[in-house]
2 protein chains.
Amino acid sequence: MQASSSHIADRVVEAILARRIAPGMRLGEQQLATIFGVSRTVVREALTRLSERGVITVSTRRGWYVIEPSLADAEQAFAARRIVELGLLRATQDVDAATVTRLRAHIARERAALRGDDVGLRSFLLGDFHVCLAECLGNGLLADVLRDLTARTTLIAMLYQSTHDAADSCAEHVEIVDALARGDHEHASALMEAHIGHVQQGLRRETTVDPLTQLRDALAPVGASSAPPNPSPRRRGPRHASARPPRSQTRPSKEPA
Amino acid sequence: MQASSSHIADRVVEAILARRIAPGMRLGEQQLATIFGVSRTVVREALTRLSERGVITVSTRRGWYVIEPSLADAEQAFAARRIVELGLLRATQDVDAATVTRLRAHIARERAALRGDDVGLRSFLLGDFHVCLAECLGNGLLADVLRDLTARTTLIAMLYQSTHDAADSCAEHVEIVDALARGDHEHASALMEAHIGHVQQGLRRETTVDPLTQLRDALAPVGASSAPPNPSPRRRGPRHASARPPRSQTRPSKEPA
DNA sequence: TACACCACCGTTGCATGCAAGCGGCGGCGC
DNA sequence: GCGCCGCCGCTTGCATGCAACGGTGGTGTA
């Protein structure tokens with residue numbers, strides 16, 4: 001195997017984007033060490049990286065867990081995405097032909113995945129579109145930010161069972177790129193805002209439902225469940241499900257000593 | 001001493017914001033371990049965190065170095081800040097009185113620092129204003145992003161000797177908050193864009209200057225130098241000064257295996 | 001029967017040890 | 001005198017070992 005820590009971290013994020021890793025899932029150090037054929041040290045480094053990216057949390061001497069964003073967190077994540085992506089589109093002056101080509105190529109892959117039956121790949125590509133867009137529009141820094149944000153919203157979608165259809169998402173991507181190709185950035189922004197709104201609204205429905213119903217749903221027999229192909233049905237995660245996100249350890253605006 | 005890894009990482013970022021750590025500076029593991037009274041393991045964790053945040057780079061078996069952004073990197077960092085901060089302002093519906101109070105309090109501290117002689121605190125507060133703004137406007141996620149971005153632009157300013165005056169910056173902050181308080185978000189956005197532009201333009205001048213002049217400046221006798229109180233005048237850093245930023249190891253948009 | 005206490009097990013937190021690699025420096029050959 | 005090569009020291013990379021702690025199951029007692 002032999003993988004570096006960044007490699008392992010990226011793999012985990014990919015798995016989240018592909019909905020193969022669910023919120024609240026535990027990532028044991030020894031477990032990962034065995035899988036990747038390295039020592040716990042390297043795994044710890046990877047997990048540290050991920051926690052810095054706000055993707056996982058560590059519960060002291062208990063384990064590392066994929067975040068389970070609260071509804072407030074969800075709100076914040078979508079707000080952040082809106083701000084970054086709309087800002088990105090508005091700041092874009094003009095897109096050259098090569099960029100449009102690249103984006104269309106991405107969409108073509110989305111379509112292919114829609115025809116196929118690999119749900120993971122489908123989910124990954126749908127989320128990756130936004131990362132790809134940021135990269136194409138020339139800002140790698142924001143692309144990285146968006147990657148983490150997208151991972152976050154993917155986890156949210158899994159947690160609150162988004163009802164937004166993959167085909168719809170893809171269609172909206174098409175429209176956005178079309179608008180960009182036309183040079184109509186204003187329209188592209190509007191479409192993007194609507195697109196993110198659709199995704200977010202897909203999970204609103206659960207909001208008003210009482211927790212008991214949610215639990216009943218969660219405990220329903222595994223019939224038509226869209227659960228990812230996980231090794232085993234492990235328990236849902238740490239008690240402090242809605243604990244503060246990792247990086248909040250960064251104190252709010254204190255001056256240096 | 002006894003400090004956690006996040007603590008150490010935050011300290012380093014603070015020091016950068018306060019211009020006490022210069023671009024290209026080396027951060028030795030054993031060195032930091034001694035300073036903070038912990039083992040290299042903890043320091044390594046902190047350094048890993050920082051490298052994930054794009055603040056430092058590691059050169060294999062040579063050491064950890066504070067990034068030295070290229071001009072292209074600078075361009076990107078400012079673009080990112082513009083996008084995030086303008087997006088943030090545009091997305092803000094209304095600001096309540098408490099928020100305005102908090103922002104004004106921050107500005108008051110900036111003013112106090114301007115009167116004082118602590119250059120580090122001054123620089124820190126000036127940069128922290130933007131982080132504080134993001135926090136006030138209700139998005140902790142973006143506040144974290146902005147903290148790293150601000151650290152980056154601070155490093156850039158040190159590297160390319162920004163000429164933008166601290167007092168001007170503070171005055172611009174005042175105007176921005178005033179516009180926000182009035183509810184004139186459009187104007188606030190415009191002011192913010194101008195503000196970031198000013199800071200960025202402060203360092204444009206060096207761009208057209210030939211490298212030899214720059215070197216001569218750098219080698220000038222340490223007279224009125226604004227160099228931070230570093231232990232010793234160490235050499236400037238790794239050869240690959242303009243190497244790719246750390247997180248670029250994240251491959252561009254590959255699908256999961 | 002129910003509750004509380006205790007001991008065991010598994011996991012992470014952290015320090016340390018060892019090996020590998022890069023840079024610098026001195027010596028040697030040309 | 002100059003350039004090249006090999007050695008040495010310092011630093012990081014990584015594995016391992018040990019200790020501390022949370023959780024769980026079993027047992028004893030009211």
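Chain naming here is simple, since letters A, B, ... match the order of the sequence lines and numbering starts at 1 in each.
Between the C1' atom of C/dA15 and the CG atom of B/Leu32 lies a distance of 17 Å, rounded to the nearest Å. Atom CZ of A/Phe36 and atom P of D/dA15 are 14 Å apart (whole Å).
The side chain to side chain donor-acceptor pair (under 3.5 Å) test applied to A/Ser5 returns A/Glu45, A/Arg49, not counting sequence neighbours. Under the rule for a side chain to side chain donor-acceptor pair (under 3.5 Å), A/Thr150 has no partner lying at least two apart in sequence or in another chain. Residues that satisfy the side chain to side chain contact (heavy atoms under 4.5 Å, CB included) test with B/Ala166, not counting sequence neighbours, are B/Leu114, B/Arg122, B/Leu126. A/Thr153 meets the side chain to side chain donor-acceptor pair (under 3.5 Å) test with A/Arg81; sequence neighbours excluded. For A/Ala74, the side chain to side chain contact (heavy atoms under 4.5 Å, CB included) partners two or more places apart in sequence, or in a different chain, are A/Ile156.
Put simply, A/Ser39 has a side-chain N or O that comes within less than 4.0 Å of OP1 or OP2 on D/dA15.
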Mind listing the N/O atom pairs, protein and nucleotides 6-13 of chain C, below 3.5 Å?
residue: C/dT11; atom: O3'; partner: A/Arg26; partner atom: NH2; Å: 2.8
residue: C/dT12; atom: OP1; partner: A/Glu29; partner atom: N; Å: 3.1
residue: C/dT12; atom: O3'; partner: A/Arg61; partner atom: N; Å: 3.4
residue: C/dT12; atom: O2; partner: A/Arg61; partner atom: NH1; Å: 3.4
residue: C/dG13; atom: OP2; partner: A/Arg44; partner atom: NH1; Å: 2.6
residue: C/dG13; atom: OP2; partner: A/Arg44; partner atom: NH2; Å: 3.0
residue: C/dG13; atom: N7; partner: A/Arg40; partner atom: NH2; Å: 3.2
residue: C/dG13; atom: O6; partner: A/Arg40; partner atom: NH1; Å: 3.4

